[in-house]
Amino acid sequence: MLNLISIIFGALVGSFLNVCIIRLPKEESIIIPGSHCPQCNHPIKFYDNIPLISYLLLGGKCRYCKRSISAQYPLVEGTTAISSLLLFLKWGLSLSYFFYFSFVAALIIITVIDLYHQIIPDVISIPGIGVGLLGALIIPHITFFNSLLGILLGGGSLFVVATFYQWLFKREGMGGGDVKLLAMIGAFLGWDAVILTILLSSLIGSITGIIIMVLKGKDFKYAIPFGPFLSLGAVIALFYKNEIISWYLQFRG
Ligand SMILES: [Zn+2]
């Protein structure tokens, strides 16, 4: 029963994340006006605004203009709902659940906005650094000191890489947004997870980059945003940090 509630809660939060994803880059208010169809601007009634279910009932089309509703809506709602369930199964009804759920929610917003616009909004990442650091004071799984180290290592390491890249290739490779995102990841997960996140996201990002190059014949300068890979790496680190580290350590005897 509680599992089901965590899924419903996640889907409702996901619905709000969709509003943030659409409105934050336009610098619109995320509270008013209420939901409206982005194509015909018709206000959406509450019964057409039920996460996931309304999309299915309406067949993915607006009730008024009949144009397609972006698959982003059910994808974000579904992803947020599953994240909520997985976090609930790991941490139960606790402060840790809310702490990490707010972290994953921020990563979901950042991932989708970065995919659309190639920017990582400061209004998410910078307050996220503060929330992570303050949360570390009350969350049993991370110390304040570890969170602080995570911010310094996350912000510092990418800054060094980005500066070096720019000096070497005379153009910007990684944006300042990525630096602030990794600082936020460090604030929530600590310094060891930052290293793991960099390794995982570089690995997944390189593989994806090679696949895109082979499929589309584009060269590596065709920038794919790095934020989604950092976010994915961070989520893997969040769930499997201890398992990955002990798996790695067994090779050292
Ligand atoms: Zn419409």
Side-chain angles (χ1 to χ4, degrees), residues 3-88 98 101-128 131 175 177-178 180-181 184 208 212 215-216 218 222-232 234-235:
N3 290 349
L4 185 64
I5 292 174
S6 76
I7 293 174
I8 295 170
F9 176 66
L12 288 170
V13 172
S15 178
F16 176 66
L17 300 189
N18 273 318
V19 174
C20 296
I21 288 164
I22 298 298
R23 295 188 189 179
L24 282 180
K26 295 190 233 166
E27 297 186 354
E28 292 175 354
S29 163
I30 51 174
I31 312 292
I32 41 171
S35 298
H36 51 87
C37 169
Q39 314 215 56
C40 67
N41 268 322
H42 198 290
I44 297 170
K45 297 264 169 36
F46 71 93
Y47 52 78
D48 282 342
N49 210 3
I50 305 163
L52 294 169
I53 294 168
S54 291
Y55 184 86
L56 293 174
L57 289 180
L58 290 167
K61 289 185 169 59
C62 170
R63 182 185 292 278
Y64 307 99
C65 68
K66 303 290 176 205
R67 276 180 280 193
S68 296
I69 302 168
S70 166
Q72 173 211 316
Y73 290 90
L75 282 175
V76 167
E77 286 157 2
T79 306
T80 315
I82 293 168
S83 305
S84 171
L85 175 65
L86 294 177
L87 291 167
F88 181 73
F98 289 103
F101 187 48
S102 65
F103 174 60
V104 173
L107 293 179
I108 291 172
I109 296 178
I110 285 171
T111 294
V112 183
I113 290 182
D114 202 14
L115 285 173
Y116 278 141
H117 306 283
Q118 281 76 50
I119 50 158
I120 293 175
D122 284 349
V123 294
I124 301 291
S125 59
I126 291 176
V131 171
D178 294 315
K180 283 169 256 179
L181 170 57
M184 181 186 99
T208 311
I212 290 179
L215 289 181
K216 299 201 166 176
K218 286 177 175 149
Y222 176 73
I224 34 175
F226 199 49
F229 296 112
L230 285 174
S231 301
L232 183 60
V235 170

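Read the numbers this way: they start at 1 and go in the same order the structure lists the ligands and their atoms. We count residues from 1, following the sequence as given.
- Within the structure, salt bridge (Lys or Arg N to Asp or Glu O under 4.0 Å) pairs that include any residue of residues 106-126 comprise D122-K180 (at least two apart or interchain).
- Here the protein contributes C37 SG, C40 SG, C62 SG, C65 SG as N, O or S atoms under 2.8 Å from the Zn ion (ligand 1).
- With sequence neighbours left out, the ring pair (Phe, Tyr, Trp, His ring centres under 6.0 Å) criterion links F9 to F101.
- Checked by atom type and distance alone, the side chain of E27 never pairs as donor or acceptor with a backbone atom of L24 at under 3.5 Å.
- With sequence neighbours excluded, no residue forms a ring pair (Phe, Tyr, Trp, His ring centres under 6.0 Å) with Y116.
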Quiz prompt | Chi angles and distances behind the side-chain contact (heavy atoms from CB on, under 4.5 Å) call for R63, Y47 | solution = CA-CA 11 Å; R63 182 185 292 278; Y47 52 78; 3.9 Å; yes
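- Taking all atoms of both residues into account, the shortest heavy-atom contact from I113 to C20 is CD1-O, 4.3 Å.
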